[in-house]
There are 2 protein chains.
Amino acid sequence: MVAIEPNGNFCSDCAVRGAAVCSSLDAADLREFEHLGRRVHFGSGETVFSEEDITTSFYNVIEGVMRLYKLLPDGRRQIVGFALPGDFLGMNLSGRHNFSADAIGAVTVCQFAKAPFNRFIEDRPQLLRRINELAIRELSQARDHMVLLGRRSADEKVATFLLGWRERLVALKGLSDKVPLPMSRQDIADYLGLTIETVSRTFTKLERQGVIQIIHGGISLLDPARVEAMAAA
Amino acid sequence: MVAIEPNGNFCSDCAVRGAAVCSSLDAADLREFEHLGRRVHFGSGETVFSEEDITTSFYNVIEGVMRLYKLLPDGRRQIVGFALPGDFLGMNLSGRHNFSADAIGAVTVCQFAKAPFNRFIEDRPQLLRRINELAIRELSQARDHMVLLGRRSADEKVATFLLGWRERLVALKGLSDKVPLPMSRQDIADYLGLTIETVSRTFTKLERQGVIQIIHGGISLLDPARVEAMAAA
DNA sequence: AAAGCCAATTGACTCAGATCAAATTTGAGT
DNA sequence: ACTCAAATTTGATCTGAGTCAATTGGCTTT
């Protein structure tokens, strides 16, 4: 973990300026906000925070991908989401994180100390509204994911994942048939409530059907329509 | 569905006054707030709102239990939660509900038209903060439920459900070994990502082990410690 | 109290996905 | 290019939970 000191124009040249919590702030507020955050880099596999840790900071993902997960006492893992640039992490009521987060590949976050951030929100209801929006969006995604985990078959899970992941990347970097998958097969399995073998077999099956092509670091969507049919059930 | 006109002191004698969104309002604001909501009753099985319906109202559960669920096109159902008195329903970003809600037994809600409610929030950041708290709490619960759906066995699911449900009832009406289960076995199955048969078999197994007793309309927890052991795995 | 109905239980059997066990591929370091 | 370790794929087998099919039990209606 490497901290980079805040510099002069740090928010204004920020890649996630439009999408993140800060999009709710005007120029004057943003200049003040700038002093609250500092950019921090994490290397591949590094843990940004762990479940049950006391929350000392909030995080805005600037670059890279993170896995957010919970562990059962016996080691079983459920990935509750992948965080991408623009995502805001660390909100909770208990004062402790309710999941762990680590970097998949290199990650840059904008880190805010909890107390000053909360003080800053105090008289910026528009920022609170923005945070609330993000929470409501996540809640909706969480419910969709419950349906997937509880009621979908392995094939449907994998197909739904590929489409959903592509959708998120489209929003970030535009449409492409190449879908990078920076996370491991184990990560995908733990996200979908499957085993790594089942994920691997399903990928292979899709490839044999000519629907996708497994390429280095991801897949290529050859027949999006058929993947959608597979996801819909 | 039967609407009850708002009466003079309607908030002040409200059963969920302390727990609900309105707990953030002072006496003066509460008097104004009162005029926004009206109490509405729903009979057993009645639908309060459906997924994809345009959101015209928000709801505060006053009394009774509701099931919140999503359906797949082919009819598979995932219950994403049960709502109890104090729960606030209807927040979304899309302008449409992202799940359906119906009454399990008789239900009373406090219904707020969307536009006036949003206007009222506008200059009451403390109410927004309260709503945000509820969203964050739900998000945390949703993540816990993802772990259950994705990574727990049938036995663990049922045990975890019984303890979690009891916990919620404790908060509402105090501790008791009798755990009322107003929802059907099918509801429990759809909440846990199981079939009705598996839920029934697991209940029977727990009863044969002397851990619970199946009684009319619920169960009696004979050996909470063993249920906890079963849930923890 | 008999009939009808729906929810819940129980039993027999099946199967999707897990588990166990090798290959095989990939990638980082030398 | 070569080595070793880790990630992924593939194969064989097993099993927990699902499916299908009766019963049983509780209410409600008559």
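Residue numbers start from 1 in every chain, and the chains themselves are labelled A, B, ... in the order their sequence lines are given, proteins ahead of strands. Predicted model only: the values in this text are computed from it and were never measured.
The separation between B:Met183 atom CE and C:dA7 atom C1' is 15 Å, rounded to whole Å. B:Leu181 has its CG atom 16 Å from the C1' atom of C:dT9, to the nearest Å. Computed from coordinates, the A:Arg151 CZ to D:dG18 P distance equals 7 Å when rounded to whole Å. B:Ile215 has its CD1 atom 14 Å from the P atom of D:dG26, to the nearest Å. With rounding to whole Å, A:Arg185 atom CZ is found 15 Å from C:dT25 atom P. Spacing between atom CG of A:Leu206 and atom P of D:dT10 amounts to 13 Å, rounded to whole angstrom units. Summarising the geometry, the separation between CD1 on B:Ile188 and C1' on C:dT9 is reported as 14 Å, rounded to the nearest angstrom. Taking atom CD1 on B:Ile212 and atom C1' on C:dT9, their separation rounds to 13 Å, with Å as the unit.
The residue among A:Ile214 and B:Asp155 whose nearest nucleotide of DNA chain D lies closer to the 5′ end is A:Ile214.
The main-chain N or O of A:Gln213 is never found under 3.5 Å from a side-chain atom of A:Ser220 such that the two would form a donor-acceptor pair. No donor-acceptor pair closer than 3.5 Å links the side chain of A:Arg67 to the backbone N or O of A:Val80. Without hydrogens or angle criteria, A:Ser184 side chain to A:Asp187 main chain gives a donor-acceptor distance under 3.5 Å. The backbone N or O of A:Asn98 sits less than 3.5 Å from a side-chain atom of A:Lys70, completing a donor-acceptor pair.
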Hey, what are the protein-to-nucleotides 26-30 of chain C N/O distances that come in under 3.5 Å?
unit_1: C:dG27; atom_1: OP1; unit_2: A:His216; atom_2: ND1; d: 2.8
unit_1: C:dG27; atom_1: OP1; unit_2: A:His216; atom_2: NE2; d: 3.4

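Between A:Phe49 and A:His97, the angle of the ring planes stays under 30°, which puts this pair in the parallel group of the 30/60° scheme. Taking the six-membered ring for Trp and thresholds of 30 and 60 degrees, A:Phe161 and A:Tyr191 have ring planes more than 60 degrees apart, a perpendicular arrangement.
Of the residues in residues 192-205 of chain A, those lying under 4.0 Å from DNA chain C by heavy-atom distance are A:Gly193, A:Leu194, A:Thr195, A:Glu197, A:Thr198, A:Arg201.
Using a 4.5 Å heavy-atom threshold, the side chains of B:Arg226 and B:Gln209 count as touching. Looking at heavy atoms from C-beta onward, B:Asn92 lies out of side-chain contact with A:Ser140 at the 4.5 angstrom threshold. Counting only heavy atoms from C-beta outward, the side chains of A:Tyr69 and A:Asp190 never approach each other to under 4.5 Å.
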